[in-house]
Amino acid sequence: MCGSGSPVPRSAGRPRTSTTRSGKSSSWTGRCAPTGPGCSPSRSATGRSARATRRTIGAPWSAAWRSGSWVRASRSTMSGTPCWRVIGRTSSRCIPTTCTRTRSGIAKRPRRWRACSNSRDSCRFTPLHRIGYPPAVPTTLIADLRHHEGATVTLQGWVVTTRSSGKIAFLVLRDGTGHVQCVFPKKEVAEGAWERFGELTQEAAVAVTGTVRADDRAPGGFELTASDVRMTAPSVDYPITPKEHGTSFLFEHRHLWLRSRKQVAIARVRHEVEQAIHDFFYARGFIRTDTPILTGSIGEQAGELFATEYFDLGQAYLAQTGQLYVEATAAAHGKVYCFGPTFRAEKSKTRRHLTEFWMCEPEMAFVDSDGNMAVQEALICYLVERALERRHEELKELERDLAPLERISGPFPRITYTDAIARLQAEGSDIEWGRDLGADDETALAKHYDKPLFVMNYPKEVKAFYMKENPDDPRTVLNNDCLAPEGYGEIIGGSQREDDHDLLLGRIKEQGLDPASYAWYLDLRKYGGFVHSGFGLGLERTVAWICGIPHIREAIAFPRQIHRLYP
RNA sequence: UGGGGUGUAGGUCAACUGGCAGACCGCCGGACUGUUACUCCGGAUGUUGCAGGUUCGAAUCCUGCCGCCCCAGCCA
C-alpha cells in the first residue's frame, strides 16, 4: 500500500498532444532562450497540432487560462512585450521546447516540440508561471534563468544583500522563485547605475537588467552580469538582519520573517503536503466536503471552545473538529474528507500546540479500525514520499537529515494501549492502566521504532464519546493514535465510530453531555447506521516533523498561540 | 492552570561582592576588481521592561506588576 508512488493512475500521465507522434519520450537538454524575433503569437511552432496553433492565434493569455490550457510565456526582444503560446491542453506532462541557435548567437523560435518524461509539477524545465499569470511588465523569473543563457533579461525582486569592492559590486536578488547574484562591474554598467547600486538597502524592491551567464562559482549555476539597476521601492531599516535574532522578536516580525530562506522552505513543504493530501484523497475517490467553522453543537468537550455572539441564537463556537459533520457527509458519499482550520481554546503552551491549526479529517463508510489504520499508513507514506521527491531542495535548505524520512514505509508497527502500559512499566515508569499517555510516555514508546507507531485501543474513560467500544475488551475503544518518530509525537488520532444509537446515547449521557445538542448526530444512527471510521491528521505537526523543526509555530505562516494574535 | 527561567543600544548578549553603560552585528562615512555572514579604518546609537523601596551610590538588593521563553496537563 505504501510506496506505490503517484496517486494518479499511470495511464493518465501519457501526453495527449501531438508532440509525441514519434512515440519517443526524451528529456530536454538543449538550452532555450525563447526571446528571439521569431517569437510571436501569430506564428505556429513546427510540429504543433493545428488545433493548438489556432488557439494561440488571437487568444490572449487570459482566454487560454480560462480554457485550462497551458501557456508558455516568452518575451519578444523586438517589441519587449510578452507573448503567449499555448503548449498543451490536457496533458499532465511537461512539454518543453528545444531551440536552435543561429551562427550570430540569436536564439530562434523552437523548431520542434518534444515531450518530456517529467511530470508537470516536478519538471525542472517547466517554470511555474508558464501555466500561471502574465507579469505586469516583461520580467524573467530567476528560476527560468537556465533557459536564457546569453540573453539580456530584466529581473524584478528584492535585495537580499549587497557587497561592494570599489570597482565591482554584488547584489543577491530574490524574486520568490529563487536567488541569483547580480554582478556590477563599475566600468561596464549604465550611467548612474553604480550610484543607484550604492543606494540599495536590504529588502528594497528592484529591477535589474543584465546578461545571463553560467558560472561555476554561483550556487544556482547562473549569474547575471548586470548593466543597470533601478530601485522600484525603498526599504529603510529592515529589522531582520543577517545576524541572529530571538524567537519573540522574529514572531513579532513574522510578516517579514516569512521572506527568509528557511521560512520560505518550510512554507513550500507545507504547500506540498497540503497538495499531496488533496491528491491522495482525490485519486482514491474521496469527496472533499467542507465543514462549518461556526458551530452550535459541540465537537468533543465544552470549556475549551472559542465562543462568539451569533445574532438571536446565542453563542456560536469556532469548530474544534469537523468530524461530526463528515460522519454525516460520509453517509452521502461513502468516502469523504474535510481539510481546514480548527480552533482550540486550550491554554497549552508547548511546542506541539496552537490555538488555530489545520486538520485533515477523512471519514469512511464500511471501514473498520484496521482499515482506518491502513489508510493512515498509506497517507503518511505518500506525504513523506512527495516531500522527499518534490521538495528535496527545501529540505536541504532546512538541513533536514533525510535518512529517517527515507526509512518511512509500511506497514507501521502496532501496539495496544494495554501492551504499551506493560512495556512502560517494565521500563520503570509508574504509569497505571487507565491513565492517558503523556508526552514522555509517547516518546519512550516511539523511540523503539524508526517508523511511525500506532497505539490502539485506549481506555474508554480517557477518550471521546463517539468512539466504538472494543468488542474484545469493553474497557477499551477501537481507536488509534499515530506517533511520529524522532520525538515528534502524535500526528494522527483516529477511531472507529460508535454506530449503535443506544450505545452512543448512553455514552453521551455518561460524559455529561446534552443529548439535545447531538440530536442530529444521533439521527445518523437512526437512519441507516453504518460501520465507519475516520481520523484527524494535524497539518502543522506533520509539516514540523517532515521539516525537522523543533516547534510547530514555524509550520504555519501566522501562528495563533495563547499569547499571540498579532501579526 | 501549575513549575522553572528571563527582561540592558535597532538585534544578540556582557558588565566580578552594589561603585564611570560595554562588545559584536546592523546603521552612517571612507578604502578595496570576484565577493558570497567579504575585509579594513573611522563615527553615531541607552527612560537598563514598568512602579515603588533600601542605600552616599542600584542594571545589580527587596516588593508589586507586565512581557517573553522552556517544561507539564489537555490534544492534532
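Convention: sequence-line order gives letters A, B, ...; per-chain numbering from 1.
- At least one side-chain nitrogen or oxygen of A:Arg163 sits closer than 4.0 Å to the OP1 or OP2 atom of B:rC38.
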Give each protein N/O atom lying under 3.5 Å from an N/O atom of nucleotides 48-50 of chain B, with the pair distance.
none

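- For the residue pair A:Thr154/A:Thr209, the side-chain donor-acceptor check at 3.5 Å is satisfied.
- The gap from the P atom of B:rA59 to that of B:rG3 amounts to 30 Å, rounded to the nearest Å.
- With respect to the salt-bridge test (charged N to carboxylate O, under 4.0 angstrom), the residues A:Glu223 and A:Arg213 qualify.
- Within 4.0 Å of A:Gly489, counting heavy atoms only, lies no atom of the nucleic acid at all.
- With a 3.5 Å ceiling on both atom-pair distances, B:rU54 lacks any Watson-Crick or G-U wobble partner.
- Taking atom C1' in both B:rC56 and B:rU45, one finds a spacing of 31 Å when rounded to whole Å.
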Taking only nitrogen or oxygen atoms into account, show me every contact under 3.5 Å that the protein makes with nucleotides 22-30 of chain B, one pair per line with its distance.
none

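- A:Gln181 places its CD atom 11 Å from the C1' atom of B:rC38, with the value rounded to the nearest Å.
- Using a 3.5 Å distance cut-off with no hydrogens or angles, the side chains of A:Glu554 and A:Gln263 do pair a donor with an acceptor.
- Both A:Leu539 and A:Pro239 lie close to RNA chain B; mapped to their nearest nucleotides by heavy-atom distance, the more 5′-ward contact belongs to A:Pro239.
- Pair check for B:rU45 finds none; no Watson-Crick or G-U wobble contact set falls under 3.5 Å.
- Distance, A:Lys167 NZ to B:rU33 P: 4 Å, rounded to whole Å.
- Each of A:Leu537 and A:Arg217 lies near RNA chain B, and the nucleotide nearest A:Arg217 is the one positioned closer to the 5' end.
- Between A:His245 atom NE2 and B:rC13 atom P there is a gap of 11 Å when expressed in whole angstrom units.
- Across every strand in view, B:rG2 sits in a pair with B:rC71 that passes the Watson-Crick or G-U test at under 3.5 angstrom.
- Note on A:Ser164: a base of the nucleic acid sits closer than 4.0 angstrom, heavy atoms only.
- Electrostatic pairing of A:Glu195 and A:Lys186 does not count as a salt bridge here, judged by no charged N lying under 4.0 Å from a carboxylate O.
- Between the side chain of A:Arg541 and the base of B:rC75, at least one donor-acceptor pair of N or O atoms lies under 3.5 Å.
- For the residue pair A:Thr416 / A:Asp419, a side-chain donor-acceptor distance below 3.5 Å is found, with atom types taken as modelled.
- A:Arg261 comes within contact range of no nucleotide atom at all, as no heavy-atom separation falls under 4.0 Å.
- Comparing the C1' positions of B:rU8 and B:rG46 gives an interatomic distance of 8 Å, to the nearest angstrom.
- Inspection of the A:Tyr521 and A:Glu327 side chains reveals an N or O donor paired with an N or O acceptor under 3.5 Å.
- A cation-pi contact, defined as under 6.0 Å to the ring centre and within 45° of the axis, links A:Arg284 to A:Phe280.
- Note that CD of A:Gln202 and OG of A:Ser235 are 7.0 Å apart. Values are rounded to the nearest 0.5 Å.
- Base pairing annotation: B:rU33 forms no Watson-Crick or G-U wobble pair, as no partner gives both donor-acceptor distances under 3.5 Å.
- Look at CD1 on A:Ile240: it is 11 Å from P on B:rU12, rounded to the nearest Å.
- Using a 4.0 Å heavy-atom cutoff across all strands shown, A:Lys187 reaches at least one base atom of the nucleic acid.
- If you take atom P in B:rU1 and the same atom in B:rG11, they sit 29 Å apart, rounded to whole Å.
- One atom, CG of A:Asp481, and another, P of B:rC74, lie 12 Å apart when rounded to the nearest Å.
- Taking the ring axis of A:Tyr458 as reference, the NZ or CZ atom of A:Lys463 stays within 45° of it and closer than 6.0 Å to the ring centre.
- No side-chain N or O of A:Thr342 forms a donor-acceptor pair with one of A:Trp358 less than 3.5 Å apart.
- Across the C1' atoms, B:rU55 and B:rC61 are found 10 Å apart, a figure rounded to whole Å.
- Using modelled atom types, one finds a donor on one side chain and an acceptor on the other under 3.5 Å when comparing A:Gln181 with A:Arg163.
- Figure legend. B:rC24 is base-paired to B:rG11; pairs are counted as Watson-Crick or G-U wobble with both atom distances under 3.5 Å.
- Between the side chains of A:Asn457 and A:Thr476, no donor N or O sits under 3.5 Å from an acceptor N or O.
- The distance from atom CZ of A:Phe535 to atom C1' of B:rC75 is 17 Å, rounded to the nearest whole Å.
- Across the P atoms, B:rG10 and B:rU48 are found 12 Å apart, a figure rounded to whole Å.
- Under the 3.5 Å distance criterion, with hydrogens and angles disregarded, a donor-acceptor pair is assigned to the side chains of A:Thr241 and A:His245.
- The P atoms of B:rC27 and B:rG19 are separated by 35 Å, rounded to the nearest whole Å.
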Output one line per pair: protein atom, nucleotide atom from nucleotides 68-71 of chain B, and distance, for all N/O pairs under 3.5 Å.
unit_1 : atom_1 : unit_2   : atom_2 : d
B:rC68 : OP1    : A:His563 : O      : 3.2
B:rC69 : OP1    : A:His563 : NE2    : 3.3
B:rC69 : OP1    : A:Arg564 : NH2    : 3.3
B:rC69 : OP2    : A:His563 : NE2    : 2.6
B:rC70 : OP1    : A:Arg553 : NH1    : 3.4
B:rC70 : OP1    : A:Arg553 : NH2    : 2.8
B:rC71 : OP1    : A:Arg351 : NE     : 2.8
B:rC71 : OP1    : A:Arg351 : NH2    : 2.5

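- Heavy atoms of A:Ala169 sit nowhere under 4.0 angstrom from any nucleic acid atom.
- Between the C1' atom of B:rC74 and the CD1 atom of A:Ile562 lies a distance of 12 Å, rounded to the nearest Å.
- Between the side-chain ring of A:Phe170 and the base of B:rG34, no stacking contact exists by the 5.5 Å and 30° definition.
- Taking the charged nitrogens against the carboxylate oxygens, A:Glu510 and A:Arg507 do have a contact shorter than 4.0 Å, which makes a salt bridge.
- Rounded to the nearest Å, the gap between the C1' atom of B:rG22 and that of B:rU63 is 30 Å.
- Look at CG on A:Leu437: it is 9 Å from P on B:rC74, rounded to the nearest Å.
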